[in-house]
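Input: a single structure, listed below in structure tokens.
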2 protein chains.
Amino acid sequence: MEDVLDERSKKVLWAVIQSYIDNPDPVGSRYVTKKYAFQYSPATIRNIMADLEDMGFLSQPHTSAGRVPTDKGYRYYVEHILEEKIGINEGLLDLLTSKVSDPIEDVDFILDETSKTLASLSRYLGLAVSPGPEGSILRRIELVPYKEDRIAVVILTDEGVIKHKIIKNEMALTSSDLQKISNYLNREFKGYTIKQIREHLAEELRRDKEMYDNLMERSLALCREALYTYGSNVFITGLTRILDLPEFSNIEKIKKISKTIEDKHAIIKLIDKIIDSRGVQVIIGSENPVSEMNELSVIISTYNEHDRPAGVIGIIGPKRMDYSSVISLVETAARFLSKMFEEGGK
Amino acid sequence: MEDVLDERSKKVLWAVIQSYIDNPDPVGSRYVTKKYAFQYSPATIRNIMADLEDMGFLSQPHTSAGRVPTDKGYRYYVEHILEEKIGINEGLLDLLTSKVSDPIEDVDFILDETSKTLASLSRYLGLAVSPGPEGSILRRIELVPYKEDRIAVVILTDEGVIKHKIIKNEMALTSSDLQKISNYLNREFKGYTIKQIREHLAEELRRDKEMYDNLMERSLALCREALYTYGSNVFITGLTRILDLPEFSNIEKIKKISKTIEDKHAIIKLIDKIIDSRGVQVIIGSENPVSEMNELSVIISTYNEHDRPAGVIGIIGPKRMDYSSVISLVETAARFLSKMFEEGGK
DNA sequence: ATTAGCACTCACCCTTGAGGAGTGCTAATT
DNA sequence: AATTAGCACTCCTCAAGGGTGAGTGCTAAT
């Protein structure tokens with residue numbers, strides 16, 4: 001969006017949004033002059049506001065009400081008015097460090113905690129998505145005999161994700177068979193991403209089944225089955241807190257948001273659509289392709305492992321959120337996670 | 001509660017509750033005679049209702065309104081009026097079988113699915129709690145070297161619960177050390193419950209540290225650390241659906257219930273308090289020791305593994321729920337799970 | 001270019017009053 | 001003695017009406 005506003009208009013837009021973030025009532029011209037000590041009279045402000053409305057940055061709920069920011073207004077605010085220097089949120093960093101660093105846990109635990117911490121500091125919803133199969137590098141695969149006719153497959157990746165699955169031991173593999181298969185799989189696939197392994201397996205099996213000896217064939221079949229269900233986990237926390245916000249005094253909105261939370265599938269879809277660039281991204285209201293979230297804003301960022309985007313961390317809240325502090329929270333959390341995985345992967 | 005009512009009063013109480021379950025408006029005398037084709041006039045019904053109110057089974061929101069069942073009324077209804085023959089819900093059984101049986105999954109997946117299915121059939125909240133450390137029997141413990149200085153501990157229990165934890169390898173154990181330790185732990189503790197092992201470990205370590213050789217000491221320390229976090233998982237699903245009920249048109253109630261859902265700790269406490277007898281239990285409104293749930297009813301049942309209560313399955317809903325069908329759903333789910341673990345444990 | 005003045009709009013809140021569902025009581029009926 | 005009809009009474013619900021006030025847009029003065 002081009003930077004089309006003069007300084008004075010920017011200030012007014014800023015004041016309106018600031019006031020609206022503070023308190024979701026339509027903002028009047030008189031209030032702006034008083035609260036933000038403008039040098040102009042309410043009448044002048046009214047003219048400016050009328051211009052801003054013409055340009056689509058503000059709107060009126062009804063003729064004789066004050067103005068409310070539009071999505072376009074928020075967008076302009078985020079891009080051109082907000083302070084560029086978004087700092088690191090030290091409080092969040094301290095909290096995360098104290099919560100997560102001491103006992104070394106797996107990724108799901110860390111992400112759940114991060115999501116909760118983001119939720120509690122922002123008072124909105126915390127969101128975290130674990131690394132998907134695309135970028136996760138296999139560290140180790142372990143086959144453990146389990147009960148008479150089953151095998152527990154445990155997959156460990158570089159990020160510390162542990163997935164497990166119990167599969168049927170239809171081929172009656174013995175304990176030592178399993179040992180051999182594990183060794184083979186580890187030798188063959190360690191260091192590849194889950195996605196690569198999947199593709200590789202699909203191809204191998206298609207190409208020529210007879211090419212390999214029996215044990216190897218079994219290994220591949222096992223591995224395929226275990227990797228089949230490998231996907232991202234989504235953590236969304238903080239519903240209770242968000243219900244205190246005045247915009248959720250309306251049942252319909254609560255329903256929408258709780259549906260969004262339960263249907264984590266939609267979130268993954270959203271994230272797939274959105275994650276192309278790195279850094280913190282801001283999705284405001286109707287910019288969101290998921291229509292259920294058109295009344296919400298989403299601030300997300302990828303976090304990296306070895307400079308490769310792994311998963312996503314973010315905050316979901318009302319459109320009138322305190323963008324600068326939320327962006328700083330998300331930025332901080334993303335850096336924290338990236339650093340954590342950097343260290344962990346050494 | 002004693003069976004203190006004559007047939008006629010029972011019928012009236014039944015009619016009031018039935019009507020109230022159908023539609024949460026206070027029930028009037030005229031409505032009862034019409035809808036349920038009573039042989040008496042509204043005036044007679046009024047007299048009976050006044051008696052029921054004196055006994056505490058009904059109450060009036062205000063002088064000129066109809067009656068509403070009290071918790072005591074529901075309790076009497078459940079104990080003395082409800083059909084005793086609670087059948088198995090075939091639809092649920094079919095659904096569960098199709099969802100859960102085919103791929104052999106671990107307990108957490110099965111419980112999550114069961115909870116979702118209960119939620120969708122009842123239109124209330126589905127609840128499932130995985131087996132805790134008390135009764136879970138260790139099947140296998142596996143130590144896998146993970147990255148340079150860490151070990152992944154994987155614990156498999158009889159029910160198919162898999163817990164994993166990553167711990168620091170502070171003692172610089174080699175891969176073959178780990179192998180030896182696993183072997184030792186499996187030999188020593190297989191067949192014991194997690195709780196027993198915990199207690200055993202605590203005692204061993206307290207008694208005499210020098211009594212054992214170095215490796216064994218290390219094993220025990222590792223094992224202790226890994227078992228430390230072993231606890232029940234709680235699955236609660238179906239929030240979206242429950243918001244459609246008229247009793248949750250009130251924000252305060254939504255807040256309460258969402259708090260209850262997020263604070264799974266409270267649920268575990270509730271369940272600990274309540275689970276003394278087997279079979280389906282009904283907790284109505286204020287009977288619930290957790291005060292946040294005083295406007296809700298909870299129907300729960302334990303499910304067994306080898307005739308030993310393992311975890312809990314249930315439904316949480318408004319007090320005016322259709323008790324007979326909900327009880328039947330919970331009963332069916334509990335039997336299904338018990339059977340599933342019976343087979344799985346063979 | 002800015003501002004004061006003013007008529008106008010419209011949501012919000014409060015009051016009022018009609019309507020109606022339901023009750024309790026009493027007296028009549030079976 | 002139990003049941004029922006009749007009736008006065010209660011009190012919730014809802015819609016209509018009117019006052020209030022915040023806020024606007026326009027015009028004319030500064």
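Below, chain A is the first sequence line, B the second, and so on; all start at residue 1.
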Mark yes or no for whether B:S328, through its side chain, and B:G87, through its backbone, hold a donor-acceptor pair below 3.5 Å.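 Checking the backbone N and O of B:G87 against the side chain of B:S328, a donor-acceptor pair under 3.5 Å is found.
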
Could you check which nucleotide pairs with C:dT9 in any of the strands shown, counting Watson-Crick or G-U wobble with both distances under 3.5 Å? D:dA22

Identity of whatever pairs with D:dA28 - Watson-Crick or G-U, under 3.5 angstrom: C:dT3

What are the 5'-most and 3'-most nucleotides of DNA chain C lying under 4.0 Å from any heavy atom of chain A?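 Contacts span C:dT2 to C:dA11, reading 5' to 3'.
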
Side chains of [X] and [Y], heavy atoms from C-beta outward: is any pair under 4.5 Å?
X: A:I284; Y: A:Y323; value: yes
X: A:P26; Y: A:Q60; value: no
X: A:Y74; Y: A:V282; value: no
X: B:Y36; Y: B:K11; value: no

If each of A:A43 and A:Y31 is mapped to the nucleotide of DNA chain D with the nearest heavy atom, which maps nearer the 5' terminus, i.e. the 5' end?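 By nearest-heavy-atom nucleotide position, the 5'-most residue is A:Y31.
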
Under a 4.0 Å heavy-atom criterion, the protein footprint on nucleotides 9-17 of chain D, written with B, S and -, is -BBS-----

Using a strict threshold of under 4.0 Å (side-chain N to carboxylate O), is an ion pair present between [Y] and [X]?
X: B:R75; Y: B:E287; answer: yes
X: B:E53; Y: B:R67; answer: yes
X: B:E247; Y: B:K253; answer: no
X: B:D3; Y: B:K10; answer: yes

Nucleic acid contacts of residues 46-56 of chain B, taken as heavy-atom distances under 4.0 Å to DNA chain D: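 Residues of residues 46-56 of chain B that come under 4.0 Å of DNA chain D are, in numerical order, B:R46, B:N47.
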
Looking at CE of A:M49 and CG of A:L52, how far apart are the two atoms once the value is rounded to the nearest 0.5 Å?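 It is 8.0 Å, given to the nearest 0.5 Å.
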
